[in-house]
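Encoded as structure tokens, the structure appears first; notes follow it.
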Amino acid sequence: MTAVAPGSTIVWLTLAAMGLPFAAFLAIFFVTRPRLLPSLVISLACSAFSLAVAWWLLIHLRGIDAPLMFQALWMHGGQASIGFGFLLDPLSLVMLAIVTSISFLVQVYSLGYMAGDPGMAKYYSFLSLFAWSMIGLVVASNLMQLYIFWELVGLSSYLLIGFWHQKFSASQAGKKAFVMTRLGDLGFFLGIIVLLLNLGDLSILGLNSQAAAKLSPALLTASAVLVFCGVVGKSAQFPLLTWLPDAMEGPTPVSALLHSATMVAAGVYLVSRLYPMYAASADALAIMLAIGTVTMLLASTMAMVARDIKQVWAYSTVSQLGFMLMGLGAGSYFAGVFHLTTHAAFKALLFLCSGVFIHHFGTNDFFDMSRQGARHLRIPMVCITIAGAALAGVFPLAGFFSKEAVMGSLAELDQGIWLWAGLLGALLTAYYTFRLLFVMWRPLQPLQDKQSNPGHDDHQHSGHSSFGYGVMSAALIVLAGFTIALGFLGDKLIAFLHWQRPPQIPHHTWLLVTAILVVLVGIALAWWEFGRRGAAQEGFLRRFPALETLFARRWYLDDLYRRLTDYVVYGVFSRLCTLNDRRVVDGAIDGVCRGTVGAGWLLSFLQSGLLQYNLFAMVLVIALVGIYFLLL
Amino acid sequence: MSFPILSAIMLSPGLGLLAVLFLPRENKRAVRWISLLSAGLSLALTLYAYAVFDTTAKGLQFVERVLWVKSLGIYYFLAVDGISLPLVLLTSIVFFTGVWTMWDLEKRVKEFFALMLLMVLGVYGVFMALDLFFLFVFYDVSLFPMYPLIAIWGSTRKEYGALKLTLYLLAGSALVLPGILYVYFQSGLFSFDLMEIAAAGLPPSVQSLGFLLFLFGFGVLAGLWPFHTWSPVGHVAAPTAVSMIHAGVLMKLGAYGVLRVGMFLCPQGLVEWSPLMATLATVGIVYGALVGLAQTDLKYVIGYSSVSHMGLVSLGLATGTLGGVDGAVFQMFAHGIMTALFFSSVGHIYDRTHTKLIPELGGMAKVMPRASFFFILAALAGIGVPCLASFWAELLVFINGFQVYPALGTAAVLGLVVSALFMLRVVQRTFYGEKNQKYAAAPDMSAVMVIPRALLAGAILLFGLLPRLMLDTIQSGVAPLVELFK
Amino acid sequence: MSPAIAQYIRPEVVAYAAFGFTLVLVFGGALLAVLPKNIIHNVFGLATSLVGVAGLFIFLGSEFLAMMEILIYIGAICIAIVFAIMLSQPMHLQIPKRYRPKLIFSFVVATSLFISFHGIVTRTEWEPALVRGGDWEVARLGRLLLTRYELLFELVSLVLLVAIMGSIITAAALGGDKNPTGDEET
Amino acid sequence: MDSLHTYLFVALLLFCIGLFGLLQRRSLIGMLISVELMLNAASINFLAFNRFLGPDPAVGQIMVLFIMGIAAAEAAIALSLILALYRRLRSIDIEKARELRG
Amino acid sequence: MIARDFMLFLPELTYLVAALILFFMCLPQKADHKAIYAVALALAGLGVAGALLGMGQEGHLFFDAYQVDLFSQVFKLILAVAVLLVVGICHGLAGVEDRYHADFFLFLFTCGLGMMLMVSAVELMTLYVALELSSFSLYILVPLRRGDNLDVEAGVKYLFIGITASCVMLFGMSYIFGVSHTTYLAGIMDRLPLIIQQPAAMIGLMLTLSGFFFKLAVFPFHFWAPDVYQGAANQVAAFIATASKAAAVALLIRLTALTGGTSLYFIDVLMVLCVASMTLGNLVAIVQKGIKRMLAYSSVAHAGYVLMGILTMSELGYSAAVFYSMAYMLMNFAAFGVVVMVATSGQNLAISDLAGLHKRSPLLALTLMIALFSLAGIPPTVGFTGKFLVFAGAMQQGYFWLVLVGMINATISLYYYLMVIKAAYLSESPAELPPLVVSMPLRLLNYLLIAAMVYFGVCPGGFLDLAQAAVRGMMGGD
């Protein structure tokens, strides 16, 4: 598909939408940081502008039949020349709209949430930085640009997760997120290099149209898998999934923004972006499917035992990302993207609602919240229920339709096991979501004193203003609207994504019924254990302590990594290298020096003060010279 | 001949030196001002030269060539091309900021600035001279002031560090000088003019030995593994501005020497020895990062990160490809600025808290946000965050390294993760977390002292966002060079 | 003197005998100069050896030099040494013991030098000059000393002057006012 | 008696005897005596070459003459220094003079 | 004719007259030190003037026993400057017995005269006698020291090593006479190609060289150097370390040039001596405590470097050696000058005694630092350029390993020079010592030395051309 050069209006508007958040970051960080109000204004204005442009583009270009591409030379060195520009096609337009919307909403919401925090201006500057990198990632016209913004997203996430850096766990979590995604990016980067060296062109359109033809199948699979490594890192897939739950140390809006709707979705977005290339390699798709499935199941089990509300949503995010990848891996481009879209809406909503609770009650434990009377906060309570239901896949909410699309694609596969895994995942999702909802709605015993909250979120809860609450609620309501509405836009989306020529999507009525049944079973189980009057609010897993521990310890993945870093990286490699440096390398040098001085000391005894021994030496040398001349 | 701008750049620290020498030692203020002025003058001239440099023309520009010693064929031959000009710019920036950073120095001010001016004079000379004799002279001139500079004004184990550094580096130049003479006589031209020798070409066997001599001779200063151990020790011992110039500029002299003398004169030697060079470079990259993980002294960490980053430079050079050498040169620049920023931040912290041990610090981001910001920015540049200057350099090096040596390239990319791990670990332990109450009242940088750091940070950002500002220049110099390796 | 003996006293036999006697003087004297511990014996040995050398000079055709040898060496140097001994080594001082390794080592070194140089001397093909003059007159020596070797002549006198001045300063005056360590012990 | 080699041998032997004395005598005067022997060896050499090979009989003789002069000067300075040392150390044993070393 | 000969012999005559004048100044019982100093300084200045006037003169004197050419005149200039410099720092002469100041200067001048005669002499016996003249003067200068008992010991050791070396040399000369039938260098040079394969010729030449090895303190003829430097007065040590080295270099060049570089075995021996000297000198210098002893060992090492230039037997190598001896004279003198000026009462200095020098006299500390860096061969000083040239000479002949060893040695030497710099610049003196007062002329002298060391380091062209012309004349002239 050949690209079309966009008109100058679109170029300037898009570039402005891309650049303004960065300008906002610079302006706030370096100039207006000490003063809150201008900072907020700048940040929100830029964000709003990007939002407007994104939606205008989406609407304006809704009927395009060829991608619009603009590119300028950013850097060149050797055979690598890297462009900077944008590629507007249905996928990027949709994603742009999602990113700018969520980003804007989170900024609005944060007005309430972060009110009173001393670092609020800095926080907004980081949000702007994040928005910039995410927009750049979404519209990137080539893979290298995408990678660059991908890394910047990682950076902003590092900054935002560790925003309350005086808290050890927060800075630790930020570091962990950065390093683990970096590990994945390693593969991504190598993949890019392989592609660059073999194709000489990294433009996304070029990759999609030529990679399959120009690369040998093995090379194609290799590069696809390498690039997928980046996805594994950023979208927190197995085995690099453990950073995401820890990343909830950041402020809750950040969690909503980064770790549900946008940043982690970038991985899925990348796969969608290069979907034609992936589609050409069956092996790559199979790997994707397998990893997605494993991740989804693992994360679901983890979510079943979590008590921290954000942790639950974090696990569910991981699980849903796995689900999206399953859809993509099963061969359905649309399913993955659709689930990505709906998930963005309801997951953001879930986090933002949770944020209200956390903000209000100063705790992350939803049992605790419930006891403190969470259900009296009506708007968040309703919204969280809607979002939860959407997550669980309750008809007719957004999640239901997108999940259905994924299930449908799974059902098309030869092996049934993927579908069964998907259904199991749906069951578990319904169970843990409603476990949380039932607990929230039905407190076991109300608690009065607030002493028992062991200092989560130790920032000052001074901003219990009605303004803050109002702002937050507004954001929630908008998102709830999306959650309800998006599901019905599936047909529009499929047409748009496929350039108005949607493929025929097979419908399986039995699957529909089964899926609904599965969800109902999950909900019922959750009701039995948590929702019904007099329920002990203890999961059935309590009876299998081994399993419960396994899930709670995240399948010991974290321990594995910690041991790996502690014992292998630090304990063996680093230690050995350090010892080598001190003892062997440096030791050799010092040894040479000491040897030299020692030799000097020894030789100084030649000068014994005894004249005749010196004369010996003289005569001896003369004699030796004589012998040498004699022997010639 | 037009205005000899290169001589002017080089001699402005020389003038400063003379002026400082004749000032009474009590007049510290005048000494500082003169140093800063001469630094500023050279910076301004360099910026001008950079601006008027024609990136489309290949070859040397601003040539000044005078026969110096007829009987030996020594020329006073100054010129820059796309390779040396960025490094001259680097020197000017780091020098200027370094002088500014040391404004508060009170101990033996006159001698300090005199030595620093002398050292910088040498550095300029190395980057500009295209005559082997003068190149070597300037090379050593830039090295030996390190000894007093570290030994007098340094800190931790300063005498040991100074001695080790000086001896080690001059041992390196003990290989360079035979190499220069070897090449001089083997070429049969009786001229020390680098361009003439290169144009005439050397026999392959000569190139092989010559390249090895230059590689290890200059490589010591470039921190080539396993000849790197002087660098952390020296950096730890040195005072702030000296660390800045040393890690920021002087280590580049080594890499520049390998490039300008070794690779330029002995291209066949590079072709022959590049696997060795690439292997050592890669080991250095990973090894430096791994050792950096275990350090508890801030300056040690930076020292080892320098080893790692200079490994990247060597790897880029070893590829012998356009992109790789581009990347290597850019990395020299980027690393120079970055390390200077590192050391100037650490210097401030050390001045105020009198410790640079990571376990003793903590929460510094709250105590001194400005210093912390600069350190963190440098750390981010160090781990290759995009849109900061060193990213592009690393990118190019990795691409070309991977292309030429896939296994080594992969290992080098792995080093990137380790370096992220250790940089972030340092940032977390030092700047985040609970603050140590002992240093809670330590003052942050004053606004005046922010300026030099901001200059460095600005350079990192500027060239990170607009890499072509530098890469176009570099490429104009590298492109003719890599033709030799074909 | 009986004819039986007289028939052996042919000129060449006499010459050989005389040459042998000279060699005995030279080496006997040299060994006497080097080996005994008593310094007076050494001087005596030196004098003997020098007389032998003077004899060799006669064999080599230069009676003048033989005379100068006796005059300068025995007449001046040996006497000076005797004076020095009298000034410096009163008999009450103990003669130091020899140190055996040193003895052996010097013997080895001297012998190896001898062997190697002997080899060199025998290996070398000594060629006489193409044109050889035969003027052994002392008068020619005098002429040459004042013409070709004028500079040398002046120089040697300068050297002697310096040596004498130096000796005066060093021996006569030096150390007289200093506090010798030996005195502190006694 | 009439061969160059005899004289060269004699001279060399004398030189080596002198050398042996120089190396092993502890008494400075003994060493000086040995040096005189060595100088004489050189003289014999000069005169022998003069006798058997040289172009002009006068040259070798003049050499020997100058050697004698130098030897005299040398002896004078040496003896005076030995006496000076004796004043300081009350000994002319060279092994006693070993303040300077290292 | 007479006038021309007079001009040819001008520098030597100046010295002769100077010696005569000083001889008369020795005679009065009570002498005015200042007057003696002034006279000596003036005479030394005249000597330099004479040497300068003698530059460019060419000719033969004394029936060809004495040759005046550019080569000899360059060295005479170096010697005259060295004498002037040494006399320059003899102000006060605290290290020498009061009675003997005039004698001191007398012997200084006779020694200088001997050396000047030596560099022009082209006849073996003249050479020998001139060498003895300078040696005897030095044997007397060494024990002239005031104070401790080391001087006589040093003098005796110097003397005995010296006369051993001269005996050996004489013995060698006799062999040369035997094979070449002449004592004139020109005659020897004509005949040498025929006889160079004769072992006696080679050993004769080798033994003859050893006399100059002794002067230059090449291993194994160096043993006197540390003792004499330590035992002699500082000024005397400075003189021995500068002037006599230059003369020895001149003669070594002249004598090795005789072979025309035809005997490789000869070069082998020189190479071994060169490496041994460098290595031993540098290694032992590391462990020295006294600064003069350290400088003595460093002079052994420098003898090795000079030898490297000489053993190339090429024009470049020889001119490098000439340059090096000039350089060595300058930088070593600068170092000794500082020692003399710091040791105000003429005492021996330990390296640690320099502590706090940068406070007591920044100028002296600076001079010392530059001198030591120059000795270590760090650019842009003259020492570096000298080393560079010497190494270039060796490399031209393909002695790659020799150059490498030389550079490694230079690095080792840096270690102990840095130790001294450390003492002067870093260490604080234990007791608060008063600042050193350096008089204006001496300050000027220091500035001049610094300037000269840097000037000849950066712009070696002029002197190098001179040295090359001299060497070319010397090699091709005969």
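Because the structure is a prediction, the values reported are computed rather than measured. Lettering follows sequence order; numbering is per chain, from 1.
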Exercise. Looking at C/Ala129, C/Ser106, C/Gly29, which makes the most heavy-atom pairs under 4.5 Å with chain D?
Worked result: C/Ser106
For this session: Quick one: closest heavy-atom pair of C/Glu69 and D/Asn40, and the distance?
Result: OE2-OD1, 2.6 Å
Problem set entry | Heavy-atom closest contact (C/Ala33 atom, D/Leu37 atom, distance) | CB-CD1, 4.0 Å
Seminar exercise, completed: If you tally heavy-atom pairs under 4.5 Å between each of C/Ala110, C/Gly166, C/Ser157, C/Cys78 and chain D, the highest tally belongs to C/Ala110
For this session: Select one option (side chain, backbone, both, neither) describing which atoms of D/Leu12 are under 4.5 Å from chain C's heavy atoms.
Result: both
Exercise. Which atoms form the tightest heavy-atom contact between C/Leu141 and D/Ala58, and what is the distance?
Worked result: CD2-O, 3.4 Å
For this session: For each of D/Leu85, D/Ile44, D/Val59, tally heavy-atom pairs with chain C at distances under 4.5 Å, and name the one with the top tally.
Result: D/Ile44
Seminar exercise, completed: Ranking C/Leu65, C/Leu160, C/Asn42 by heavy-atom pairs under 4.5 Å to chain D gives rank one to C/Leu65
For this session: Could you look at C/Glu127 and say if it's the side chain, the backbone, both or neither that has a heavy atom under 4.5 Å from chain D?
Result: backbone
Exercise. For C/Leu161, is it the side chain, the backbone, both, or neither that has a heavy atom closer than 4.5 Å to a heavy atom of chain D?
Worked result: neither
Exercise. Considering only heavy atoms, which portion of D/Leu4 lies under 4.5 Å from any heavy atom of chain C: side chain, backbone, both, or neither?
Worked result: side chain
Problem set entry | Proximity breakdown for C/Val109 and chain D, heavy-atom pairs closer than 4.5 Å | side chain
For this session: For C/Phe64, look at atom CZ and say whether over 12 heavy atoms of other residues, nucleotides or ligands are found less than 6.0 Å away.
Result: yes
For this session: Below 4.5 Å from any heavy atom of chain D, which atoms of C/Val121 appear? Answer side chain, backbone, both or neither.
Result: both
For this session: Please look at C/Arg148 and chain D and tell me whether the side chain, the backbone, both or neither of the residue comes under 4.5 angstrom of a heavy atom of that chain.
Result: side chain
For this session: Check whether any side-chain heavy atom of D/Ser80 lies under 4.5 Å from a side-chain heavy atom of C/Ile168, and answer yes or no.
Result: no
Problem set entry | Shortest non-hydrogen contact from C/Ala84 toward D/Leu83 | O-CD2, 3.8 Å
For this session: Identify the two heavy atoms, one from D/Gly30 and one from C/Ile39, that lie closest to each other, and give their separation to 0.1 Å.
Result: N-CD1, 3.6 Å
For this session: Kindly compute the distance separating CD1 (C/Ile81) from CG (D/Leu32), expressed to the nearest 0.5 Å.
Result: 5.0 Å
Problem set entry | Closest-packed option against chain D by number of heavy-atom pairs under 4.5 Å, given C/Leu130, C/Val162, C/Val53 | C/Val53
Seminar exercise, completed: Ranked by heavy-atom pairs below 4.5 Å to chain C, first place among D/Gly18, D/Ser34, D/Ala72, D/Ala11 goes to D/Ala72
For this session: Specify which of C/Phe83, C/Phe153, C/Tyr73 makes the most heavy-atom pairs with chain D at under 4.5 Å.
Result: C/Tyr73
Problem set entry | C/Ile104 CD1 to D/Gln24 CD distance, which is reported to the nearest 0.5 Å | 11.5 Å
Seminar exercise, completed: When rounded to the nearest 0.5 Å, the distance separating CG of C/Leu23 from OH of D/Tyr7 is 8.0 Å
Exercise. Out of curiosity, C/Leu35 CG to D/Arg25 CZ, how far, rounded to the nearest 0.5 Å?
Worked result: 8.5 Å
Exercise. Which bit of C/Ile72 comes within less than 4.5 Å of chain D, counting heavy atoms only: side chain, backbone, both or neither?
Worked result: side chain
For this session: Please state whether the side chain, the backbone, both or neither of D/Ala48 comes within less than 4.5 Å of a heavy atom of chain C.
Result: both
Seminar exercise, completed: Answer key: most heavy-atom pairs under 4.5 Å with chain D among C/Leu155, C/Leu145, C/Leu152, C/Leu50 is C/Leu152
Exercise. Roughly how far, to the nearest 0.5 Å, is the CD1 atom of D/Ile33 from the CD1 atom of C/Ile77?
Worked result: 11.5 Å
Exercise. Would you call the rings of D/Phe9 and C/Phe114 parallel, tilted or perpendicular, where under 30° means parallel and over 60° means perpendicular?
Worked result: perpendicular
For this session: Answer yes if the ring centres of D/Phe20 and C/Phe105 are under 6.0 angstrom apart, and no otherwise.
Result: no
For this session: Count the heavy-atom pairs under 4.5 Å between each of D/Ala78, D/Ala73, D/Gly21 and chain C, then report the option with the highest count.
Result: D/Ala73
Seminar exercise, completed: Turns out that what part of D/Met63 lies under 4.5 Å from chain C's heavy atoms comes down to side chain
For this session: Below 4.5 Å from any heavy atom of chain D, which atoms of C/Ile164 appear? Answer side chain, backbone, both or neither.
Result: neither
Problem set entry | Part of C/Ala76 within contact of chain D (heavy atom distance under 4.5 Å) | neither
Problem set entry | Interface moiety of C/Pro36 toward chain D, non-hydrogen atoms closer than 4.5 Å | backbone
Exercise. Side chain, backbone, both or neither: which part of C/Phe57 has an atom under 4.5 Å from a heavy atom of chain D?
Worked result: both
Problem set entry | Winner by heavy-atom pair count (cut-off under 4.5 Å) against chain C, out of D/Leu19, D/Leu8, D/Leu22, D/Leu47 | D/Leu47
Problem set entry | Considering all heavy atoms, the nearest C/Ser49-D/Leu14 contact | OG-CD1, 4.0 Å
For this session: Measure C/Phe117 against the heavy atoms of chain D and call it side chain, backbone, both or neither at under 4.5 Å.
Result: both
Exercise. For the atom pair CG (C/Leu46) and CD1 (D/Ile29), what is the distance rounded to the nearest 0.5 Å?
Worked result: 12.0 Å
